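This structure is a prediction, so every number in the text was calculated from the model and none was measured. Note: hydrogens, waters and symmetry copies are ignored here, and every other heavy atom, side chains too, is used. Counting starts at 1 for both ligands and their atoms, in listed order.
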Amino acid sequence: MGTALVYHEDMTATRLLWDDPECEIERPERLTAALDRLRQRGLEQRCLLLSAREASEEELGLVHSPEYVSLVRETQVLGKEELQALSGQFDAICFHPSTFHCARLAAGAGLQLVDAVLTGAVQNGLALVRPPGHHSQRAAANGFCVFNNVAIAAAHAKQKHGLHRILVVDWDVHHGQGIQYLFEDDPSILYFSWHRYEHGRFWPFLRESDADAVGRGQGLGFTVNLPWNQFDPELVLVSAGFDSAIGDPEGQMQATPECFAHLTQLLQVLAGGRVCAVLEGGYHLESLAESVCMTVQTLLGDPAPPLSGSMVPCQSALESIQSARAAQAPHWKSLQLQEERPPPLLPGGPVCKGAASAPSSLLDQPCLCPAPSVRTAVALTAPDITLVLPPDVIQQEGSALREETEAWARPHESLAREEALAALGKLLYLLDGMLDGQVNSGIAATPASAAAATLDVAIRRGLSHGAQRLLCVALGQLDRPPDLAHDGRSLWLNIRGKEAAALSMFHVSTPLPAMTGGFLSCILGLVLPLAYSFQPDLVLVALGPGHGLQGRHAALLAAMLRGLAGGRVLALLEEDSTPQLAGILARVLNGEAPPSLGASSVASPEDVRALMYLRGQLEPQWKMLQCHPHLVA
Ligand code: Q9C
Ligand code: ZN
């Protein structure tokens, strides 16, 4: 459906007219550097380009007072001295005669983006704007921000499009106190911000930027730091500041450009993929340009490049997450069960043994990340005519050589039958295409009776032909291949049955949760932390016999696993799966948003208990699990 890029070069006009070290970082080159890089990468050409329009004064009035709008309008005719004097009345603001025009274009760009997404002209998009918006308040400019672009867009989405639930995610390094103030009593706009705080010693130095600010009145629980699994937004707006990126002089944080690809991808599973990002901060031109490219590339559906570096959360991050969780728990059912810390009623099972941590030599090896010519290939045994696929998804005809296929099949009785052998040949051909970097992701099918053996071959083939670390997520009755080496190169995660058990840090089994809420917790609280910690360069996800997974759950799982291994994900289905299931998985692996889950039920106490038990068992080895509540082993 496409990605919009909203811009107008007039927004480069506003600039600093006098000496002010605080304001000089917010300069016109921010926009030109980002745009040039998008062009260089061929990303601009893939977008629908929209020329920003000015927001009307009525539209500005959705969140600003008429007096304030007049005040800004009148700056157009002021001289330099008067502009400087007026600027001094605000914190970190430098007016220019073009400020009013630019700020109206910035707000208008956000409105156009929302209109384009909500009328279905595009799926998502980015507005490249100056001045930024999230610090601006009803009657005040603040922190380079004049009109609150994202807040105006949110109010407009409610008023003109009749939406009832809008999620605003603010990943700028600063707290967007302007957005918080404007919507703190409004439960229809969930404002989530992460920001540098330093216990109040980081700009804007506000007590109300802390985790215990949770909104007020009707809006209690709709401000600050939340998981998103009960809100089910209809639209996601992003206050996309890149001053949290590495190299930024203002934020001094360490987020690599790839982080923004992952953040974007995580948000794309919400609201049917309707994501509108609007530029806020970001003052290191190189880092800004790269991060903008990562965001746009992900909006366009390209898989996120793997994250690099240590996946161990630091103590202070854990404390921040814990205090936000505690502050929000009274307002969100999904957090309450976990807060109560149910006792470990599970029959224990063998205590997790294995290496103290993943071998560091493996973690240090860079993952290959070429840009494959085919994003997604479908290798079903009998090409299915009822399969509805986007034009760029390839139906693979090829098969591996007969002798080779037979050699791999030989140890397995269940692979002796002709149909199983034919399916294996297609799978091996697809897998080789992925390992060679020609194909990014794919789907293969196998007769149910041969599912376990086919998966076994796929794992061995993957490990012997280029994958350094292989993650296998197996649903249903599939056992870990018994003679698979315990060398830390494969992580086996089985979701089925009744028992939760961590047989080693690389061999985990968990029950399939009964309801959507439990399934979400399982993915967010177990599968993803393990997967991101492991940093695989190949992911196999197998829906085996009796997997019991609904299509939309399978789609969500595939969409989330696509964040790993640069999107190098191979899904293995049973031959008699429905064409709908194959179709939806192919589209999701190809970068389409999974269908919205709807406002989900919370996890059952049993599901929560199983998850907490496993996290307790595994948390000493997989440190990322510490971000979630767990029972201490
Ligand atoms: N050096 C935005 O990122 N200066 N605004 C802080 C500490 C103000 C940031 C002073 C920063 C404003 C949109
Ligand atoms: Zn900022």
Practice problem: Can you tell me, to 10 degrees, how wide the angle at the Zn ion (ligand 2) is between ND1 on His174 and OD2 on Asp243? | Solution: 100°

Quiz item: Do Lys623 and Ser533 have a side chain donor and acceptor closer than 3.5 Å?
Solution: no

Quiz item: Glu208 and Tyr181: side-chain donor and acceptor closer than 3.5 Å?
Solution: yes

Practice problem: Select all protein residues for which some heavy-atom-to-ligand 1 distance is less than 4.0 Å, and list them by chain and number. | Solution: Glu22, Ala92, Pro132, His134, His135, Gly143, Phe144, Cys145, Asp172, His174, Trp203, Asp243, Glu250, Gly281, Tyr283

Practice problem: Answer yes or no: is there an ion pair linking Glu59 with Arg104, defined by an N-O contact shorter than 4.0 Å? | Solution: no

Quiz item: In terms of side-chain geometry, is the basic nitrogen of Arg41 or Glu290 positioned less than 4.0 Å from the acidic oxygen of its partner?
Solution: yes

Exercise. Give the name of the N/O/S atom in Asp172 that lies closest to the Zn ion (ligand 2).
Key: OD1

Quiz prompt | Spatial distance of atom CG (Leu300) from atom OG1 (Thr3) [nearest 0.5 Å] | solution = 4.0 Å

Exercise. Kindly confirm whether the Zn ion (ligand 2) is within less than 2.8 Å of some N/O/S atom in Glu250?
Key: no

Quiz item: Does any pair with a residue in residues 267-293 pass ring-ring contact (aromatic ring centres under 6.0 Å, His included), and if so which ones, sequence neighbours excluded?
Solution: Phe144-Tyr283

Exercise. May I ask you to say whether Arg46 pairs ionically with Glu44, meaning some side-chain N is under 4.0 Å from a carboxylate O?
Key: no

